[in-house]
Protein chains: 2
Amino acid sequence: MVAVDLVLLTIRQAALHVLLVRRGIPPFLGQWALPGGFVLPDEDLFVAAERELREETGVSAGAGHLEQLATYGAPGRDPRGRVFAVAYLALVPDLPVPVAGSDAASASWQPVPATGLAFDHDTILADGLERARSKLEYTPLATAFCAPSFTIAELREVYETVWTTRLDPRNFHRKVTSAEGFIEPTGETVIRERGRPAQLFRRGSATLLHPALLRPGSSA
Amino acid sequence: MVAVDLVLLTIRQAALHVLLVRRGIPPFLGQWALPGGFVLPDEDLFVAAERELREETGVSAGAGHLEQLATYGAPGRDPRGRVFAVAYLALVPDLPVPVAGSDAASASWQPVPATGLAFDHDTILADGLERARSKLEYTPLATAFCAPSFTIAELREVYETVWTTRLDPRNFHRKVTSAEGFIEPTGETVIRERGRPAQLFRRGSATLLHPALLRPGSSA
DNA sequence: ACCCTTTATCGTCAGTGTGACGACAACGAT
DNA sequence: ATCGTTGTCGTCACACTGACGATAAAGGGT
């Protein structure tokens, strides 16, 4: 018995949100849980995670980011019997469609931290958050939260939201533009709300950041 | 059907070695494979990995390091049917006893890279190596390869072996001694073969290195 | 005893990344 | 035109890094 569970994160209204579903069947009936389901016979693990992602959000994995997180197999974690959960971490841009075609009783984006989840999903969510925070440091993963083209300020807001910190706009600008292959200018500019027009960028080809953007406060 | 497989690494004769077992039963009879076995009913995943480690080496997990690596579940990876493998990465010091009490037909330390392994174990081994190399950068994990007390030169040899690089002894010395909580002096000194006596250290209490020891060559 | 080799440890110096912050550019609103 | 707001570039002191010189403390050979 192997299931795939999804820690599906996005940024809405300048806050980090996780997709939760209300359970329509026992156990934990009525409680919130991470979306997930059993792996089909002859289905690859990653493919199963992609399927879950598509079913819950309608996005194909190409737009955002999907990676394996960890596997949870404590004997008592599911009252129905021995069930192993392979958790995946998914990061997607803020979707225009607010969760379409979900097969659960109800699904909704909820701000993190969310607690009191079914099974051991509190732990899985915490692990997913820590992975996401950590990966922003040394990979260009923050772009997975953004639309195909974005401004540096929008990218900075991703970091500020996930890390719950404030970052200096000038230093941030310098660092992301000097990190080889992080972002590429599209040549266009755009005006967001107020102020001087900003350049638009798309994600670059790098898979690792050099130099990394370290979280502040870790040294002092 | 869930199995636990072990990427068990150690350093012998200044080279990185992985523990492999020769399969005594089909499938892949006679081929080398990572040690592993099925998870018992009511057995925790981590406990199963610890049990494997103890059965293969006689060491309790306390001495070295044991962490979950990833889970592999491609439909065709095991000819016998659908088997998921939860891989664990173990790092242990060079053991005086050369693999005692193994239940496999034969087990032996083999230098990495080793190829031609059974199942998808080539991939699992490669993933384990990359994880180990990466974790040396920002965690004090290198001490897991060392005896309880060790010299800085021995610690440096760990880095040089795992990264297959040469490191400047003077810069390395400066970095490990200035990284808060990495290593603590025991007060004793010891003479290894030739040269001036070296101070002995034990592992410190830090779980993260500040600043990190980055692999050379990644920037240029 | 004296040199020589080897290994451990400390210092120096230039180059680079970083945080704090000043300055200016380019928009909308008044 | 002026102001507030946001984007972008520059400057400076400081920390960390790599390259490498210098010294300390052992053993071996003569």
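The figures that follow rest on heavy atoms only: side chains count, while hydrogens, waters and symmetry mates do not. Below, chain A is the first sequence line, B the second, and so on; all start at residue 1.
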**Request:** Spell out, as yes or no, whether a donor-acceptor pair under 3.5 Å connects the side chain of B:Q68 to the backbone of A:T71.
**Result:** yes
**Request:** Could you tell me from which nucleotide to which nucleotide of DNA chain C, 5' to 3', there is an atom under 4.0 Å from chain A heavy atoms?
**Result:** C:dG17 to C:dC27
**A:L129 and A:L9: CA distance, side-chain angles, deciding distance, side-chain contact (heavy atoms from CB on, under 4.5 Å) verdict** = CA-CA 9 Å; A:L129 287 173; A:L9 302 177; 4.0 Å; yes
**Asked** For residues 160-201 of chain B, which residue pairs qualify under ring-ring contact (aromatic ring centres under 6.0 Å, His included), counting only residues two or more places apart or in two chains?
**Response** B:Y159-B:W163, B:Y159-B:F172
**Message:** Test your reading of the model: is there a side-chain donor-acceptor pair from B:T164 to the backbone of B:T161, 3.5 Å cut-off?
**Reply:** no
**Complete:** Sequence neighbours excluded, the answer for side-chain hydrogen bond (donor to acceptor under 3.5 Å, both in side chains) partners of A:E67 is A:H65, A:R131, A:K135
**Request:** May I ask you to say what A:Q199 touches in the nucleic acid, namely base, sugar-phosphate or nothing, with a heavy-atom cut-off under 4.0 Å?
**Result:** sugar-phosphate
**Message:** Applying side chain to side chain donor-acceptor pair (under 3.5 Å) as the test, list every pair that has at least one member in residues 110-126 of chain B; sequence neighbours left out.
**Reply:** B:D5-B:H121, B:R77-B:D120, B:S108-B:Q110
**Asked** How would you list, by chain and number, every residue that makes a side-chain hydrogen bond (donor to acceptor under 3.5 Å, both in side chains) with A:D44, sequence neighbours excluded?
**Response** none
**Asked** When rounded to the nearest 0.5 angstrom, what is the spacing between CD in B:E137 and CG in B:L213?
**Response** 8.5 Å
**Prompt:** Between atom CD in A:E193 and atom C1' in D:dG4, what is the gap in whole Å?
**Reply:** 15 Å
**Prompt:** Which value, rounded to the nearest 0.5 Å, describes the distance between B:L89 atom CG and B:L125 atom CG?
**Reply:** 10.0 Å
**Nucleic acid contacts - residues 148-160 of chain B versus DNA chain D, non-hydrogen atoms under 4.0 Å** = none
**Asked** Between D:dC12 atom P and A:D168 atom CG, what is the distance in whole Å?
**Response** 17 Å
**Asked** Counting N and O atoms only, with roles assigned by atom type, does the side chain of A:E157 sit under 3.5 Å from a partner on the main chain of A:A14, one being a donor and the other an acceptor?
**Response** no
**Request:** Return the value, rounded to whole Å, for the distance between atom CD of A:E188 and atom C1' of D:dG7.
**Result:** 17 Å
**Message:** Show the nearest heavy-atom pair for residues B:L66 and B:F46, with the distance to one decimal.
**Reply:** O-CE1, 3.6 Å
**Prompt:** What nucleic acid atoms does B:R192 come within less than 4.0 Å of, heavy atoms only: base, sugar-phosphate, or nothing?
**Reply:** nothing
**Request:** For residues 195-210 of chain B, pull every pair meeting salt bridge (charged side-chain N to carboxylate O under 4.0 Å, His left out), keeping only residues two or more places apart or in separate chains.
**Result:** B:E184-B:R202
**Message:** Does D:dT6 have its OP1 or OP2 closer than 4.0 Å to a side-chain nitrogen or oxygen of A:R194?
**Reply:** yes
**Message:** Expressed as a whole number of angstroms, how long is the span from A:N171:CG to D:dG10:P?
**Reply:** 14 Å
**Request:** Rounded to the nearest angstrom, tell me the gap between atom CD1 in A:I183 and atom C1' in D:dG7.
**Result:** 13 Å
**Item:** All side-chain hydrogen bond (donor to acceptor under 3.5 Å, both in side chains) counterparts of A:R194, not counting sequence neighbours
**Value:** none
**Item:** Whole-Å distance separating the CG atom of B:L167 from the C1' atom of D:dC20
**Value:** 16 Å
**Prompt:** So what is the end-to-end bend of the helix from C:dA1-D:dT30 to C:dT30-D:dA1, with 5 pairs used at each end and the value given to 10 degrees?
**Reply:** 10°
**Prompt:** Within a reach of under 6.0 Å around CD of A:E130, are more than 12 heavy atoms found that belong to other residues, nucleotides or ligands?
**Reply:** yes
Can you name the atoms? Protein N/O to nucleotides 28-30 of chain D N/O, anything below 3.5 Å, with the distance.
none

**Request:** Could you tell me the separation between the CG atom of B:L91 and the OG1 atom of B:T10, rounded to the nearest 0.5 Å?
**Result:** 8.5 Å
**Request:** For B:R215 and D:dG18, give me the distance from atom CZ to atom P, rounded to whole Å.
**Result:** 14 Å
**Item:** DNA chain D: 5'-proximal contact among A:P169 and B:S178 (nearest heavy atom)
**Value:** A:P169
**Prompt:** In whole Å, what is the span from the CG atom of B:L209 to the C1' atom of D:dC16?
**Reply:** 15 Å
What N/O pairs connect the protein and nucleotides 22-25 of chain D at under 3.5 Å? Give each pair on its own line.
unit_1	atom_1	unit_2	atom_2	d
D:dA24	O4'	B:R196	NH1	3.4
D:dA24	N3	B:R196	NH1	3.3

**Item:** Partners meeting side-chain hydrogen bond (donor to acceptor under 3.5 Å, both in side chains) with A:E50 (sequence neighbours left out)
**Value:** none
**Message:** Considering every strand and a 4.0 Å limit on heavy-atom distances, what is the contact class for A:A212: base, sugar-phosphate, or nothing?
**Reply:** sugar-phosphate
**Item:** B:Q31 side chain to B:G116 backbone, donor-acceptor under 3.5 Å
**Value:** yes
